[in-house]
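Values in this document were obtained by computation on a predicted structure and should not be read as measured data. All ligand and atom numbering here is 1-based and tracks the order in the structure.
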Amino acid sequence: MKKALKALAGRAVFAAGMHRHLLGDRGIIVAFHRVNDQTAGDALTVSCRSFARFCAFFKRHYEVLPLGEMVARIERGESIGGSLAITFDDGYLDNYTVAAPILRHHALPATFFITSQFIGTQTVPCWDADVTPPPRWMSWDQVRALAAQGFTIGGHTRSHANLGEVAGDTARKEIRGGREEIEAELGTAIDLFAYPFGRPDALAEDNRDLVREAGFRCCVSCHGGTVTSRTDPFRLYRVPINDWFADPHQFGLETALSRT
Ligand SMILES: [Zn+2]
C-alpha cells in the first residue's frame with residue numbers, strides 16, 4: 001500500500017477509535033535519534049514539524065507512559081494495551097534544544113539513552129561521517145537538566161560498542177562502565193538500557209546477560225514492532241521513527257496492524 005493511502009486508511013481507523021481494538025494488549029515503544037531541520041530527511045532525523053505532529057498524535061491516541069512505568073507494568077504482569085513510551089538514542093544536542101521543549105509543551109514523558117563517552121565531546125561516529133553540519137552532542141549539564149525536568153536517562157554503553165561483536169570484559173566495561181559514568185555525572189541511579197545499533201545481530205546472548213548483571217531492568221532493541229505484558233523486559237522491541245513515515249497516521253496504522 002502506498003504511504004499516502006496508508007495515512008488515509010490510518011485516519012479512518014483512528015477517527016473511529018478502532019486502533020485500540022486492533023492493538024489489543026499491545027503497547028509501543030518508539031525510538032527517535034535526531035530532531036532538527038538541518039539534517040531532516042536522513043534516516044536518523046525527524047523534522048521539527050514532524051516531531052511536533054507525532055507528539056500531538058501520541059498524546060491524543062495513546063496512554064503515553066515513561067518507559068520505566070511500562071517496564072514496571074510488564075514486571076507485574078499488568079496490561080500495557082494502548083500504551084506508548086517515547087525514547088531517544090545516543091545523546092544528540094537537539095534532543096535537549098528541540099525535542100525536550102516540544103515534549104514539555106505536550107507534557108509527555110520520554111527516556112534518553114546516552115552514549116556516555118560522546119557527551120560533551122566532538123566525537124563524529126562512523127554513521128555520521130557524511131552528515132553536514134556534523135551533529136553535536138549534549139553536555140553533561142544538559143543531560144542533568146533533562147533529568148531535572150523529569151525526563152529519564154538510560155544507558156547505551158560507553159562508546160556505542162557493537163555488542164554483537166565485543167565480548168567478556170570489553171562488553172562488561174561498555175555496559176556497566178556506561179552506567180557508572182552516567183550515575184556519577186547525574187548523582188542518581190539509572191536502570192534502563194538500549195543496545196547500540198539495535199539490530200537483531202547487534203547483541204550477543206552473553207551480552208544480554210551482562211545487561212541484566214549490570215543491574216538494568218530492561219534491554220530495548222531498535223527494530224521489531226509492538227510489545228505486550230508477556231514480553232521479556234530484556235527483549236523489548238522498539239519502532240524507530242524517521243521521516244519515512246509520511247504521517248503519524250501511517251505509523252499508527254502500521255503498528256496497529258503489526259504482527260510483532
Ligand atoms: Zn545508538
Arg179 to Phe193, cation-pi by 6.0 Å centre distance and 45° axis angle:
no
Do we get Arg208 above Phe234's six-membered ring, with its NZ or CZ under 6.0 Å from the centre and within 45° of the axis?
no
Count of protein N, O or S atoms below 2.8 Å from the Zn ion (ligand 1) equals 3
Would you list the atom pairs, donor with acceptor, under 3.5 Å between side chains in residues 47-59 and any protein atom, with sequence neighbours excluded?
from: Ser47; atom 1: OG; to: Ser50; atom 2: N; distance (Å): 3.2
from: Arg53; atom 1: NH2; to: Asp247; atom 2: OD2; distance (Å): 3.1
from: Lys59; atom 1: NZ; to: His106; atom 2: O; distance (Å): 2.7

Using the side-chain contact (heavy atoms from CB on, under 4.5 Å) criterion, which residues pair with Thr170? Sequence neighbours excluded.
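Counting only residues at least two positions away or on another chain, Thr170 forms a side-chain contact (heavy atoms from CB on, under 4.5 Å) with Val166.
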Centroid-centroid distance, Phe88 to His33, less than 6.0 Å
no
Taking side-chain hydrogen bond (donor to acceptor under 3.5 Å, both in side chains) as the definition, give me every residue that meets it alongside Thr97, ordered by chain and number, with sequence neighbours left out.
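If we apply the side-chain hydrogen bond (donor to acceptor under 3.5 Å, both in side chains) test to Thr97, skipping adjacent residues, there are no hits.
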